[in-house]
Participant: 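Below is a structure I'd like to ask you about.
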Amino acid sequence: MNQPSLKAVAISLDSLKSFTSSALEEYEACTPEDPPGCFAVLVGSVEGDVAIVADLEFATNARAVEQVALEEFSTTVAPCFGAAYKNPRRGFWCSSRDLLRIHRRADELDLEILGSIHLHPDWHRIGPLAERGLCISEIPTPMDEYMFRNTGYAVNMICYMESTGGTVSTAIAAWTPPSDTNSPCNHLPVRFLVS
């Protein structure tokens with residue numbers, strides 16, 4: 001996909017609620033050994049300099065079953081980003097079958113795949129003690145930057161969830177991929193479609 005020069009991303013509150021509801025289920029069911037995983041592909045169009053997310057499509061995590069994903073995590077991801085990524089529940093690899101299904105549906109609707117959204121839990125609070133050094137938020141981790149750069153998606157959203165005082169809150173942020181290995185991701189303001 002050619003990278004448009006985006007200034008913002010707009011997403012409907014219904015789409016966002018659908019994602020955060022699924023993410024909350026994953027978050028509440030996770031354990032330190034079994035991190036939560038929630039991922040969806042953003043489908044929509046670019047109008048001027050704004051990516052308009054018309055819908056999101058949930059996808060299956062094939063990270064632990066597709067050979068190419070197993071090799072990538074074993075030979076590149078874990079050595080670069082830490083032993084935590086040896087856990088097959090850490091990280092996400094979109095099922096190639098799901099990605100093909102989503103591409104076909106987007107084509108039918110005359111839309112395109114804009115990017116993805118995934119969950120970041122407050123793993124620095126609820127994860128295993130050995131993994132609490134990296135403070136997780138809606139800001140991309142080095143691993144996120146690597147994945148965003150390699151997928152090339154124009155829009156990369158992160159939904160951060162944390163529990164404080166018995167209440168779960170969320171923050172949403174969007175990013176463009178880094179232009180090279182030495183550059184950070186660029187923040188994209190998120191707008192909410194209300195009609």
Side-chain angles (χ1 to χ4, degrees), residues 11 15-43 53 55-103 113-153 155-163 168-175 177 185:
I11 185 168
S15 291
L16 200 54
K17 185 175 181 179
S18 172
F19 185 83
T20 56
S21 294
S22 292
L24 181 60
E25 286 179 24
E26 282 283 321
Y27 179 85
E28 290 178 332
C30 79
T31 67
E33 298 75 33
D34 194 20
C38 192
F39 173 91
V41 176
L42 306 172
V43 179
V53 178
D55 198 8
L56 57 83
E57 293 277 341
F58 289 94
T60 305
N61 188 358
R63 187 259 183 259
V65 295
E66 286 191 9
Q67 189 60 38
V68 99
L70 290 167
E71 289 174 15
E72 178 77 7
F73 274 81
S74 172
T75 62
T76 303
V77 174
C80 288
F81 304 106
Y85 288 101
K86 290 181 181 178
N87 178 344
R89 286 278 298 166
R90 282 295 297 271
F92 198 92
W93 193 279
C94 185
S95 157
S96 55
R97 287 178 188 240
D98 283 353
L99 196 53
L100 180 59
R101 171 186 54 79
I102 295 165
H103 268 285
I113 292 180
L114 298 172
S116 68
I117 183 170
H118 72 277
L119 171 64
H120 272 191
D122 53 347
W123 206 236
H124 53 283
R125 293 184 184 152
I126 64 172
L129 289 177
E131 295 181 33
R132 293 187 182 182
L134 177 64
C135 189
I136 304 293
S137 70
E138 67 277 13
I139 297 171
T141 64
M143 168 62 174
D144 289 321
E145 289 183 349
Y146 171 80
M147 293 304 274
F148 295 169
R149 184 174 39 258
N150 284 291
T151 62
Y153 288 144
V155 178
N156 303 278
M157 296 181 78
I158 298 173
C159 171
Y160 172 67
M161 286 193 168
E162 75 175 16
S163 179
V168 178
S169 60
T170 190
I172 302 291
W175 308 88
C185 294

Participant: Rounded to the nearest 0.5 Å, how far does CD1 of I102 lie from CG of L56?
Facilitator: 9.5 Å

Participant: Supply the atom-to-atom distance L24 CG to M161 CE, rounded to the nearest 0.5 angstrom.
Facilitator: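 Output value for this atom pair is 5.0 Å.
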
Participant: In sequence, state the C-alpha distance, the side-chain angles, and the governing distance for H120 and S137, and then conclude on side chain to side chain contact (heavy atoms under 4.5 Å, CB included).
Facilitator: CA-CA 6 Å; H120 272 191; S137 70; 5.9 Å; no

Participant: Do T76 and Y146 have side-chain heavy atoms sitting under 4.5 Å apart?
Facilitator: yes

Participant: Under 3.5 Å, is there a donor-acceptor pair between the side chain of D34 and the main chain of A29?
Facilitator: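 Not a single qualifying donor-acceptor pair exists.
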
Participant: Does a side-chain heavy-atom distance below 4.5 Å link C159 with T20?
Facilitator: yes

Participant: For F148 and C185, work out which heavy atoms get closest and say how close.
Facilitator: CD1-SG, 3.6 Å

Participant: Answer yes or no: is there a donor N or O on one side and an acceptor on the other, between the side chain of H124 and the main chain of I136, under 3.5 Å?
Facilitator: yes

Participant: Indicate yes or no: at least one non-hydrogen side-chain atom of I126 is less than 4.5 angstrom from one of S163.
Facilitator: no

Participant: Enter the distance from I117:CD1 to S15:OG here, rounded to the nearest 0.5 Å.
Facilitator: 9.5 Å

Participant: Would you say the side chain of Y27 lies within less than 4.5 Å of the side chain of C38, judging by non-hydrogen atoms?
Facilitator: no

Participant: Look at the aromatic rings of W93 and F73 and report parallel, tilted or perpendicular, splitting at 30° and 60°.
Facilitator: perpendicular

Participant: Output, in order, the C-alpha distance, side-chain angles, deciding distance and verdict of side chain to side chain contact (heavy atoms under 4.5 Å, CB included) for C80 and Y85.
Facilitator: CA-CA 9 Å; C80 288; Y85 288 101; over 6 Å; no

Participant: Do D144 and I158 have side-chain heavy atoms sitting under 4.5 Å apart?
Facilitator: yes

Participant: Taking the side chain as C-beta and beyond, is there a heavy-atom pair between F81 and R90 under 4.5 Å?
Facilitator: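 Not touching, per the 4.5 Å side-chain cut-off.
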
Participant: Could you check whether any side-chain N or O of H118 sits under 3.5 Å from a backbone N or O of F39, counting only pairs where one atom can act as donor and the other as acceptor?
Facilitator: no

Participant: Mark yes or no for whether N156, through its side chain, and G115, through its backbone, hold a donor-acceptor pair below 3.5 Å.
Facilitator: no

Participant: How far apart are the closest heavy atoms of P88 and A64, and which atoms are they?
Facilitator: CB-CB, 3.5 Å

Participant: Between A69 and A62, which heavy-atom pair has the shortest distance, and what is it?
Facilitator: CB-O, 4.0 Å

Participant: Just to verify, what does R101 make a salt bridge (charged side-chain N to carboxylate O under 4.0 Å, His left out) with, not counting sequence neighbours?
Facilitator: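 Salt bridge (charged side-chain N to carboxylate O under 4.0 Å, His left out) check on R101 returns E57, D98.
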
Participant: If you round to the nearest 0.5 Å, how far is CD1 of I172 from CE of M157?
Facilitator: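 Going from CE on M157 over to CD1 on I172, the span is 5.5 Å.
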
Participant: Checking S96 now: which residues fulfil side-chain contact (heavy atoms from CB on, under 4.5 Å) with it, not counting sequence neighbours?
Facilitator: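 S96 satisfies side-chain contact (heavy atoms from CB on, under 4.5 Å) with E66 once adjacent residues are dropped.
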
Participant: What is the minimum heavy-atom distance between S18 and F58, and which atoms define it?
Facilitator: OG-CE1, 3.5 Å

Participant: Donor-acceptor pair, T170 side chain versus Y160 backbone, under 3.5 Å?
Facilitator: yes

Participant: Of the non-hydrogen atoms in E145 and P140, which two are nearest, and what is the gap between them?
Facilitator: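 That closest heavy-atom pairing would be CG-CB, 4.0 Å.
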
Participant: With a 4.5 Å cut-off on side-chain heavy atoms, are R63 and F92 touching?
Facilitator: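 No, side chains not in contact.
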
Participant: Distance from S116 atom OG to L42 atom CG, nearest 0.5 Å?
Facilitator: 6.0 Å

Participant: Quick one: does S169's side chain get under 4.5 Å of E162's, heavy atoms only?
Facilitator: yes

